[in-house]
2 protein chains.
Amino acid sequence: MKKKITIKEIAKILMVSVSTVSKAMNDSPEISEKTKKKVKELAKFYGYVPNHIAVSLKNQSTFNIGVIIPDIQNSFLAEVLKNIEVHAKKNGYRIITFFTGEKLKEERESLNILSNGMVEGIIVCPCEETFVEKEFNHFKNIAETTPLVTFDRIHKELNFNSVSVDDDQSILKACAHFQSTQAKNILFVSSIGWLSVGKTRRRTFNTFIEGEASLNGETIEEHNLEELRKKIEDRITDTSLPKIDAILGADIESTLISNASIAKNNIPLIDRISLIGYVDKNHNELQYPRVSYINQFPEKVGEKAVELLIKNLKEEQKIIQQEVIKTEIVVKDTSK
Amino acid sequence: MKKKITIKEIAKILMVSVSTVSKAMNDSPEISEKTKKKVKELAKFYGYVPNHIAVSLKNQSTFNIGVIIPDIQNSFLAEVLKNIEVHAKKNGYRIITFFTGEKLKEERESLNILSNGMVEGIIVCPCEETFVEKEFNHFKNIAETTPLVTFDRIHKELNFNSVSVDDDQSILKACAHFQSTQAKNILFVSSIGWLSVGKTRRRTFNTFIEGEASLNGETIEEHNLEELRKKIEDRITDTSLPKIDAILGADIESTLISNASIAKNNIPLIDRISLIGYVDKNHNELQYPRVSYINQFPEKVGEKAVELLIKNLKEEQKIIQQEVIKTEIVVKDTSK
DNA sequence: CTGAAAGCGCTAACAC
DNA sequence: GTGTTAGCGCTTTCAG
């Protein structure tokens with residue numbers, strides 16, 4: 001493997017000093033056009049590119065933003081990530097992405113590694129284990145020295161800059177939508193009952209239903225997807241029980257399974273069960289029927305997160321801002 | 001924002017030299033247990049973490065692997081990426097991911113940035129524009145100084161370490177599968193005719209069909225997905241034309257649209273059109289009907305890519321190895 | 001217009 | 001067992 005050429009070697013070949021080469025490469029007005037040309041030509045010839053690590057160390061700035069994500073397979077997070085990258089780049093920053101697999105240990109490690117010189121600031125979606133363990137100290141420690149923005153998942157102890165989605169509002173809007181279409185029996189399905197966000201969504205659903213005399217609610221929560229499918233199919237095909245008018249999916253998986261169950265059991269149109277849930281937008285557009293869904297605007301989440309972080313990088317004093325993105329129900333084929 | 005503490009400051013507080021602190025932190029046997037304890041305690045107290053940039057510069061090694069991906073929304077690439085990350089971590093490496101958006105300029109820039117000190121080696125899926133422009137010099141230049149592994153997309157000029165998928169075989173296996181189920185008229189649908197991989201797939205399909213007297217082939221290629229949907233629906237519902245027995249989807253989008261079109265037009269079972277194509281595995285499992293698909297083993301691609309790269313990092317001399325992953329047809333609901 | 005020298009934070013050979 | 005020192009590749013002040 002060929003060795004990479006350094007400024008020093010270029011200087012030697014040209015019989016000038018390293019500082020001259022450095023200045024020439026950076027187009028300093030101190031250097032004559034002639035020398036600049038000479039230096040640049042040789043640099044190009046040898047394929048010189050400044051060593052990024054050395055520049056970072058010297059300048060104490062990397063133009064890197066760290067991003068920590070629980071899971072890349074989560075299409076919402078993937079879309080946020082994409083948008084973080086786009087907006088970071090637009091502002092002259094690169095991103096360094098770590099995945100935690102929802103593990104607290106990985107999250108801690110990622111924060112530690114990133115926060116020491118690698119990046120100027122960090123955008124992080126806290127992992128599930130963090131919420132289970134109610135352990136937020138690693139964030140607090142890091143936030144003392146490194147600008148931090150959390151997104152998507154919130155907790156009162158996570159009082160940093162954050163961008164989240166109005167989750168309660170999503171559920172309430174979906175319920176209200178069902179109500180306006182005369183649904184009576186609403187089934188809440190979830191494969192994420194163990195996740196804090198899953199718990200909140202269920203609680204919000206239940207609270208709403210209890211407050212509405214005209215509505216009746218049922219819940220199916222099951223982590224195992226095959227089991228979940230079975231339970232949903234059993235329920236919606238069981239004619240001995242009151243008919244389900246609408247299903248609210250608490251996550252992508254349960255929404256898809258509900259959609260599949262309705263399709264598979266070929267339920268006649270007259271008995272159509274409405275369905276609203278969470279989906280991968282791109283995918284949803286291409287399937288039939290397209291599910292009516294809760295749009296969480298991942299583009300906005302990504303953009304805002306970058307915006308908040310960069311604002312914090314520039315300001316000297318630290319400002320705390322908590323953005324909440326409003327969601328909307330997008331009516332497609334599975335509801336009126 | 002609080003300043004991060006350095007080794008120097010710890011040394012001053014403890015009235016020892018920086019090297020003592022450094023050695024103590026790195027558990028050098030030269031240092032007494034007592035001093036180690038003293039140093040470590042203070043380090044912990046002040047939340048000291050070594051500056052990664054400085055360590056990298058000093059050691060001339062970063063334990064970073066660069067990954068360059070055209071598009072994170074592509075579920076195949078996302079899954080490969082996830083597996084690259086997992087296997088990199090397993091070997092003690094972090095990954096730094098850049099997205100090119102299929103743009104040659106971005107690809108060039110990403111390679112340049114990564115190759116100078118940031119990473120030890122690079123895993124890259126070359127972007128489409130690279131193939132359109134037939135411009136491979138940026139890879140060749142980088143490969144002279146930085147270990148490189150390309151994956152997924154290949155070209156005879158890209159003669160580096162690579163992991164690719166046996167694309168021809170995928171198409172041939174699908175055709176053979178249709179043939180074995182007595183299909184006569186096969187429709188090839190594609191939304192990626194403009195992409196090199198799309199061209200190859202179509203060519204392979206056509207060549208096979210022409211060689212088989214018992215088979216008849218048709219092709220619908222259309223970049224605009226709404227148009228594509230219309231064309232597919234028109235074709236499969238047009239009873240004045242010979243009936244389509246099977247559809248081969250050349251990419252995820254056209255496969256999904258075909259599936260949706262069949263479902264939407266409620267084609268009776270007796271006229272069932274078989275469908276094989278490319279899918280997002282996770283998603284496919286949850287929908288109904290689940291599409292019979294070509295498994296490209298993204299896990300293997302990611303794992304092999306890391307393996308090849310690390311092999312190259314360790315060996316002094318450079319070895320070139322071109323891995324080809326065999327695919328398989330996974331029969332689900334849309335074919336016999 | 002060019003060069004010498006200091007220093008970013010850390011490690012490690014070498015001295016004591 | 002601990003300290004001194006040089007140096008990784010680069011930028012930048014200051015001197016000439």
Side-chain angles (χ1 to χ4, degrees), chain A residues 3-40 42-43 46-64 112-120 145-146, chain B residues 3-40 42-43 46-64 112-120 145-146:
Chain A
K3 220 190 141 317
K4 270 159 253 179
I5 196 165
T6 69
I7 237 178
K8 203 167 150 187
E9 290 158 310
I10 296 196
K12 197 153 78 185
I13 297 171
L14 252 38
M15 312 249 275
V16 295
S17 72
V18 285
S19 48
T20 304
V21 177
S22 171
K23 285 172 189 164
M25 290 304 295
N26 291 313
D27 261 327
S28 159
E30 288 181 28
I31 304 293
S32 72
E33 283 308 319
K34 225 194 298 176
T35 338
K36 274 188 198 169
K37 189 159 166 258
K38 215 170 57 179
V39 170
K40 284 186 179 169
L42 202 75
Y46 282 114
Y48 169 77
V49 187
N51 181 312
H52 189 261
I53 298 286
V55 175
S56 295
L57 180 61
K58 178 65 197 169
N59 293 350
Q60 297 290 75
S61 77
T62 59
F63 280 95
N64 290 157
N112 268 335
I113 294 165
L114 287 175
S115 72
N116 237 275
M118 286 202 96
V119 300
E120 327 252 309
T145 60
T146 311
Chain B
K3 221 189 140 315
K4 270 159 252 179
I5 195 163
T6 67
I7 237 178
K8 203 167 152 188
E9 291 158 309
I10 297 198
K12 198 155 76 187
I13 298 171
L14 251 39
M15 310 250 275
V16 296
S17 73
V18 285
S19 53
T20 304
V21 177
S22 169
K23 285 172 190 163
M25 290 304 296
N26 291 313
D27 260 327
S28 158
E30 287 180 29
I31 305 294
S32 73
E33 284 307 320
K34 227 194 296 177
T35 345
K36 273 188 199 169
K37 191 157 163 260
K38 215 171 54 180
V39 169
K40 284 186 180 169
L42 201 76
Y46 281 113
Y48 169 77
V49 188
N51 181 310
H52 189 261
I53 299 286
V55 175
S56 294
L57 181 61
K58 176 66 195 170
N59 294 349
Q60 298 290 78
S61 77
T62 60
F63 280 96
N64 290 157
N112 268 334
I113 294 164
L114 287 175
S115 71
N116 235 275
M118 287 202 94
V119 300
E120 328 252 307
T145 61
T146 310

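Numbered from 1 within each chain, the chains take letters A, B, ... in sequence-line order. Here the structure is a predicted model, which is why all the values come from computation and not from measurement. No hydrogens, no waters, no symmetry mates; every other heavy atom, side chains included, goes into these values.
Between A:Lys36 and A:Glu33 there is a salt bridge, since a side-chain N of the basic residue sits under 4.0 Å from a carboxylate O of the acidic one.
Over its full length, the helix from C:dC1-D:dG16 to C:dC16-D:dG1 turns its helical axis through 50°, comparing axes from the five pairs at each end and rounding to 10°.
Here the closest non-hydrogen pair linking B:Gly117 and B:Thr62 is O-CG2, 3.0 Å.
Scanning residues 19-35 of chain A for heavy-atom distances under 4.0 Å to DNA chain D yields A:Ser19, A:Ser22, A:Lys23, A:Asn26.
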Which is it for B:Met118 and B:Ile113 under the side chain to side chain contact (heavy atoms under 4.5 Å, CB included) test, yes or no, and what are the steps along the way? CA-CA 7 Å; B:Met118 287 202 94; B:Ile113 294 164; 3.7 Å; yes
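Within the 3.5 Å criterion, the main-chain N or O of A:His52 finds a donor-acceptor partner in the side chain of A:Ser56.
At the heavy-atom level, B:Ile7 lies under 4.0 Å from the strands shown only through sugar-phosphate atoms.
Between the NZ atom of B:Lys12 and the C1' atom of C:dC10 there is a distance of 17 Å, given to the nearest Å. Following rounding to the nearest Å, B:Asn59 (CG) and C:dT11 (C1') show an atom-to-atom distance of 6 Å. Whole-Å rounding puts the B:Glu9 CD to C:dG9 P distance at 8 Å. In this structure, B:His52 atom NE2 and C:dG9 atom C1' are separated by 13 Å, rounded to whole Å. Summarising the geometry, the separation between NZ on B:Lys8 and P on C:dT11 is reported as 15 Å, rounded to the nearest angstrom. Rounded to an integer number of Å, the gap from CG of B:Asn51 to P of C:dG7 is 18 Å. Whole-Å rounding puts the A:Leu57 CG to C:dG7 P distance at 14 Å. Atom-to-atom, NZ of A:Lys36 to P of C:dT2 comes out at 10 Å; the value is rounded to the nearest Å.
Every residue two or more places apart in sequence or in another chain that forms a salt bridge (charged side-chain N to carboxylate O under 4.0 Å, His left out) with A:Lys40 is listed here: A:Asp27. In this view, A:Thr35 and A:Ser32 satisfy the side chain to side chain donor-acceptor pair (under 3.5 Å) rule, not counting sequence neighbours. Residues satisfying the ring-ring contact (aromatic ring centres under 6.0 Å, His included) test with B:Tyr46, not counting sequence neighbours, are none.
Under the 4.5 Å side-chain criterion, counting only non-hydrogen atoms from C-beta, B:Ile5 is in contact with B:Ile10. Between A:Ile7 and A:Tyr48 there is a side-chain heavy-atom pair separated by less than 4.5 Å. Side-chain contact between B:Asn116 and A:Lys4: present, with at least one pair of heavy atoms (C-beta onward) separated by less than 4.5 Å.
Here NZ of B:Lys38 is found 12.5 Å from CD1 of B:Ile13. Values are rounded to the nearest 0.5 Å.
The footprint of chain B on DNA chain D, defined by a heavy-atom cutoff below 4.0 Å, extends from D:dG1 to D:dG9.
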